[in-house]
Number of protein chains: 2
Amino acid sequence: MTSSGFNLSEFLPYKLSVLSSRVTKMLSKVYSEEYGFSTPEWRVLVHVARREKMSVREIHDSVYLEKPSVSRAVAKLEQAGLLAKSTCDADHRLVEIEITDAGLKVFNAIVPDALSFEAALLEAFTLKERQDLHHLLLRLQDALDRQAEPVVQQSPKSRADT
Amino acid sequence: MTSSGFNLSEFLPYKLSVLSSRVTKMLSKVYSEEYGFSTPEWRVLVHVARREKMSVREIHDSVYLEKPSVSRAVAKLEQAGLLAKSTCDADHRLVEIEITDAGLKVFNAIVPDALSFEAALLEAFTLKERQDLHHLLLRLQDALDRQAEPVVQQSPKSRADT
DNA sequence: TGTTAATCGTTGCAAGTGAAACGAATTTTC
DNA sequence: GAAAATTCGTTTCACTTGCAACGATTAACA
């Protein structure tokens, strides 16, 4: 007996992890080789680029990065002159983060490359296949959400969050 | 002008990364909470479990881990008595790694949990959807392979490897 | 209003990771 | 057969990451 028939290379979490690592690594060339950005910096920059002012907390919630990662990424991007920080008047705990003109310029220069990388990945996919992929990934996210909180049958006055 | 219409949350590399991170994190509970394994240790254990003897190099090639990670994982698993190391007679550079009875016991105890985690993820998927998912992920891998080496038109006596 | 609790962003710290370097062993080449 | 080049596994080192703690500020509550 040499163990059961478990094959790692056919195990969905493994396949996802390897694929994701490879994609992330290749994409990172787009923003690291030329601009020296790390992945957190990339995410923060492109996220801040589309909204007005936002806090560290909001970025943290939106971009799947730990608070310390966001904080450090923001600090580095500010130091590079691509982001501007200021304390919120209404609440002095909050930091208002905003993209600068220089940041927007970099953003506009990088995004096309990122998009064409994505396009190259999906080059051979039909429209339906792209929709299927999108849909299946969403379904997996849903399964994770359900898995995360096995909800032990809540009482009538249940809560929407938690 | 507040930047172009780039939406990170619809960007495939980002979606893949977030999904993969979440899946990996949840799966890791299966092997870390009870056995204290890290992801490299989990991968090495389940990979070594199915074959006879193998080298660090072979694991490195098979399991998408850096050589140092494999080396450390093997060392830790050996220290825990789950793997056995010995130098190869035919080539003293190589290390022969083999699972022990204790390792096999742990393996057999963990695998069902890992499989039922995967099953829970795919619970709501029809057979066709599972096949589609598998197929689409493979297609992405292919796209990455093609992207990795844009192959600058090789000479007639081309090489199979590189 | 004054005290406690909660929230925000940052920093410290321990653990993990990847790239290069290293000694040991083998293969290649002349 | 000796020298150079390659391969193997480990170690070192710089860097990143996640978690917990912290000071500062605001909210809750009595």
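Order of the sequence lines sets the chain letters (A, B, ...), proteins ahead of strands, with each chain counted from 1.
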| said: Among residues 62-78 of chain B, which ones have heavy-atom contacts with DNA chain C below 4.0 Å? | reply: B/Glu66, B/Pro68, B/Ser69, B/Arg72
| message | Rounded to whole Å, please give me the gap between CG in A/Asp61 and P in C/dT7. | response | 12 Å
| request: Return the 5'-most residue of the pair A/Arg57, B/His92 with respect to DNA chain C, ranking by each residue's nearest nucleotide. | output: A/Arg57
| note | Taken to the nearest whole Å, CD1/B/Ile59 to C1'/D/dT10 is 14 Å
| request: Mind checking the NZ-CD spacing from B/Lys76 to B/Gln79? Nearest 0.5 Å is all I need. | output: 8.0 Å
| request: Side-chain contact test, heavy atoms from C-beta onward, threshold under 4.5 Å: evaluate it for A/Val95 versus A/Val74 and give yes or no. | output: no
| said: So if I take residues 12-45 of chain B and measure heavy-atom distances to DNA chain C, which residues fall below 4.0 Å? | reply: B/Pro40
| Out of curiosity, does B/Ile97 fall in the hydrophobic cluster containing B/Leu94 (side-chain heavy atoms, cut-off under 4.5 Å, transitive links)? | no
| task | Can you tell me the distance, in whole Å, between the NE2 atom of A/His60 and the P atom of D/dT17? | result | 15 Å
| note | To the nearest angstrom, the CD-C1' distance between A/Glu58 and C/dG9 comes to 15 Å
| message | I need the A/Lys15 NZ to B/Leu138 CG distance, nearest 0.5 Å. | response | 6.5 Å
| remark: Picking from C/dT27, D/dA27, D/dG9, the nucleotide nearest the side-chain atoms of A/Arg93 would be D/dA27
| Taking atom types as modelled and ignoring hydrogens, do the side chains of B/Ser38 and B/Glu41 form a donor-acceptor contact shorter than 3.5 angstrom? | yes
| message | Between P on D/dC8 and CE on B/Met54, what's the gap in Å once rounded to a whole number? | response | 13 Å
| Face-on cation placement of A/Arg43 at A/Tyr64 ring, 6.0 Å and 45° thresholds | no
| task | Among D/dT26, C/dA25, C/dC8, find the nucleotide with the atom closest to the side chain of A/Leu94. | result | C/dC8
| Are A/Asp142 and A/Arg146 ion-paired here, with the side-chain N under 4.0 Å from a carboxylate O? | no
| task | Grab the CG-C1' distance between B/Asp91 and C/dA25 for me, whole Å please. | result | 7 Å
| According to a 4.5 Å side-chain heavy-atom criterion applied to Ile, Leu, Val, Met, Phe, Trp and Tyr, with indirect links allowed, do B/Leu45 and B/Leu115 form part of one hydrophobic cluster? | yes
| task | Using atom types as modelled and distance alone, determine if a side-chain donor or acceptor of B/Thr24 lies under 3.5 Å from a backbone N or O of B/Ser20. | result | yes
| task | Please name the pair of heavy atoms, one in A/Phe125 and one in B/Leu136, separated by the smallest distance, quoted to 0.1 Å. | result | CE2-CD2, 3.6 Å
| Angle of first-five versus last-five pair axes in the helix from C/dT1-D/dA30 to C/dC30-D/dG1, to 10 degrees | 20°
| task | Please confirm whether the backbone N or O of A/Pro68 pairs with a side-chain atom of A/Ser71, one donor and one acceptor, at under 3.5 Å? | result | no
